[in-house]
Amino acid sequence: MLRITDKLTLLAWYKDPSLMFKEVFNIEPYTYQREILRDFPKLKRIMLMGPGDSGKTVMIAGMALWASGIQPVFINRPYNTVILSGSKEQASRAYKYIKDAITNNKVLSEIVDGEPLATRTLFKHGSIIQICAKSLTSIQGAHSDMVIIDEAATKELDFFIQDSLRIIPKEGRIVLSSTPHEADCEFVRRWMNKDRYPDYSKERPYGWKRYHWTALDCPRVREKLEEAMKLPRDVFERYYMAVPYSTEDTVVPLEHIRAQSEGIKPFNIDPDNREGMILFGIDVGFKAGTILVVTQKINDEYRVIDVLEWKLEKYEDVQEWIKAYALQYKPD
């Protein structure tokens, strides 16, 4: 039997899922987490795209707990959630947050029927939270009020994203969450194609609400930025800026560039005693950064001497860097 104080706590959590998140996980939500969790109750279709280690998994665990644990107390009917991921280990990460919250929070433990099991939790009001790894047998015949697909941006999950609509009733929820691991996958296609998968609005309640954040928005990941910016561009873009990065649509495929540069030693020049012409090539960018390529033209051969990149820096600072390298290389 719930005490009055427990009922008041549940009511406060029902009204503000971000408060529940804070109190059951003992985590102060980041600004984007708070916004998403507060929007969540009114939404039916959600896409989350953010960098690794920025709290996506614990956030979807909070969504599952609110939808199937707290919400049914006030809507007077069970509400079931399935969490699907590409591997059992990944699905278990979200579920571990749920189990730990139930174990450590007396109010939550009071509404759970028995102990959380290995792959599902049953609540006294009849709701279920269940996890599944990707397999046709695990979701065959499955029906639920909400489907959450974690780390959805891989081709191996394309079918399960497409199948998610079958699992839920018309008024059910679909939540897709991922870092953009692969550019050519169903998750990214849906993210990019707003004609086919239009944005949410009051007039379009089954439209998709897209949430995007980068390493700059997450204090924990932001601390790694200086070192991360030295990573290959495709890795940095995907895992820190959370931007889909295709190596197939570039002018020259990345694997071809790497193949041509293997075993090639860097060229060096003596600026005061040199032959040929020194050229600067500059591509001024915004999100993609600014690139400076230093080349030396000897007869008909262009030798790449240096390649430099500046990301997330003020335009004036980049100009000063370019001036400094101009003094060093003395370009013609």
Side-chain angles (χ1 to χ4, degrees), residues 2-3 5-43 46-74 81 83 85 90-112 116 121 123 129 131 146 148-152 173 175-180 209-228 239-243 312:
L2 287 170
R3 299 172 299 175
T5 53
D6 293 342
K7 290 180 179 179
L8 290 174
T9 298
L10 290 171
L11 179 60
W13 290 351
Y14 178 64
K15 290 182 176 180
D16 185 357
S18 72
L19 176 64
M20 182 215 73
F21 179 93
K22 177 181 178 179
E23 295 185 352
V24 304
F25 295 126
N26 294 313
I27 299 172
E28 185 67 43
Y30 298 133
T31 301
Y32 54 86
Q33 289 176 321
R34 186 179 295 109
E35 176 193 354
I36 293 166
L37 289 164
R38 287 178 174 173
D39 287 350
F40 170 67
K42 69 184 180 187
L43 302 173
I46 301 170
M47 289 190 227
L48 310 174
M49 188 182 288
D53 196 32
S54 64
K56 297 186 301 300
T57 300
V58 68
M59 187 159 47
I60 63 173
M63 291 176 174
L65 265 177
W66 184 90
S68 290
I70 312 306
Q71 178 184 226
V73 176
F74 300 95
T81 296
I83 301 175
S85 191
Q90 182 63 37
S92 295
R93 289 190 191 105
Y95 190 55
K96 186 178 187 304
Y97 282 116
I98 293 168
K99 290 200 296 183
D100 288 349
I102 291 169
T103 301
N104 298 324
N105 188 280
K106 291 182 179 180
V107 178
L108 278 180
S109 61
E110 282 295 320
I111 62 174
V112 171
T121 294
F123 293 87
I129 297 175
I131 63 165
M146 177 166 72
I148 297 174
I149 302 183
D150 192 18
E151 295 303 347
R173 285 189 181 95
V175 179
L176 307 179
S177 173
S178 196
T179 297
K209 181 71 173 179
R210 294 163 169 84
Y211 294 94
H212 176 260
W213 63 96
T214 73
L216 291 170
D217 303 304
C218 178
R220 184 169 64 238
V221 186
R222 192 165 58 226
E223 293 175 351
K224 306 174 186 177
L225 262 183
E226 184 176 349
E227 189 173 3
Y239 293 104
Y240 290 88
M241 293 295 101
V243 175
L312 312 173

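For the atom pair CD1 of Ile46 and CD1 of Ile36, the computed distance is 8.5 Å after rounding to the nearest 0.5 Å. Taking OG of Ser92 as the start and NZ of Lys99 as the end, the distance is 7.5 Å to the nearest 0.5 Å. Between atom CE of residue Met47 and atom NE2 of residue His212 there is a gap of 13.0 Å, rounded to the nearest 0.5 Å. Here Asp100 contributes atom CG and Asn105 contributes atom CG; the two are 12.0 Å apart, rounded to the nearest 0.5 Å. Rounding to the nearest 0.5 angstrom, the gap separating the OG atom in Ser177 from the CD1 atom in Ile149 is 10.5 Å. Taken to the nearest 0.5 Å, the OG1 atom of Thr179 stands 10.5 Å off from the OH atom of Tyr240.
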Check your understanding: Can you list the steps and then say if Val73 with Lys7 is a side chain to side chain contact (heavy atoms under 4.5 Å, CB included)?
Key -> CA-CA 9 Å; Val73 176; Lys7 290 180 179 179; over 6 Å; no
Exercise for review: Check the pair Tyr97 / Leu65 against side chain to side chain contact (heavy atoms under 4.5 Å, CB included), numbers first and verdict last.
Suggested key: CA-CA 10 Å; Tyr97 282 116; Leu65 265 177; over 6 Å; no
Exercise for review: Step by step, work out the side chain to side chain contact (heavy atoms under 4.5 Å, CB included) result for Met59 and Leu37.
Suggested key: CA-CA 8 Å; Met59 187 159 47; Leu37 289 164; 4.1 Å; yes
Exercise for review: Check the pair Tyr30, Ser54 against side chain to side chain contact (heavy atoms under 4.5 Å, CB included), reporting the backbone distance first and the verdict last.
Suggested key: CA-CA 9 Å; Tyr30 298 133; Ser54 64; 5.8 Å; no
Practice item. Could you please spell out the steps behind the salt bridge (charged side-chain N to carboxylate O under 4.0 Å, His left out) verdict for Glu28 and Arg34? Key: CA-CA 9 Å; Glu28 185 67 43; Arg34 186 179 295 109; 3.0 Å; yes
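For Leu216 against Leu225, the heavy-atom pair with the smallest separation is CD2-CD1, 3.4 Å. For Pro51 against Ala242, the heavy-atom pair with the smallest separation is N-CB, 3.6 Å. Closest approach of Gly69 to Ile111, counting heavy atoms only: O-CD1, 3.4 Å. For Gly55 against Val58, the heavy-atom pair with the smallest separation is O-CG1, 3.4 Å. Taking each heavy atom of Met146 and Ala67 in turn, the nearest pair found is CE-CB, 3.6 Å. Closest approach of Lys56 to Gly50, counting heavy atoms only: NZ-O, 3.7 Å.
Panel note: side chain Ser85, backbone Asp150; a donor-acceptor pair is recorded below 3.5 Å. The closest donor-acceptor contact from the side chain of Thr121 to the backbone of Pro116 lies at 3.5 Å or more, if one exists at all.
Contacts of Lys209 classified as salt bridge (Lys or Arg N to Asp or Glu O under 4.0 Å), with partners at least two apart in sequence or in another chain: none. Annotation: salt bridge (Lys or Arg N to Asp or Glu O under 4.0 Å) contacts of Arg93 (sequence neighbours excluded): none. By the ring-ring contact (aromatic ring centres under 6.0 Å, His included) test, Phe25 is found to be paired with Phe21, residues two or more places apart in sequence or in another chain being considered. For Tyr211, the side-chain hydrogen bond (donor to acceptor under 3.5 Å, both in side chains) test picks out Asp39, with sequence neighbours left out. A search for side-chain hydrogen bond (donor to acceptor under 3.5 Å, both in side chains) contacts involving Glu23 returns Trp13, not counting sequence neighbours. Residues satisfying the salt bridge (Lys or Arg N to Asp or Glu O under 4.0 Å) criterion with Arg220, sequence neighbours excluded, are Asp53.
Using a 4.5 Å heavy-atom threshold, the side chains of Ser18 and Gln33 count as separate. Contact of the Thr103 side chain with the Leu108 side chain is not registered, since no non-hydrogen atoms from C-beta on lie closer than 4.5 Å. Val107 has its side chain within reach of Leu10: a pair of non-hydrogen atoms, C-beta onward, lies under 4.5 Å apart. Residues Asn104 and Asn26 form no side-chain contact, since every pair of their non-hydrogen atoms from C-beta on lies 4.5 Å or further apart.
Between Trp213 and Tyr32, the ring-plane angle classifies as parallel under the 30° and 60° cut-offs.
Of the candidates Ile129, Leu48, Thr81, Thr81 is the only one forming a side-chain contact (heavy atoms from CB on, under 4.5 Å) with Ile148.
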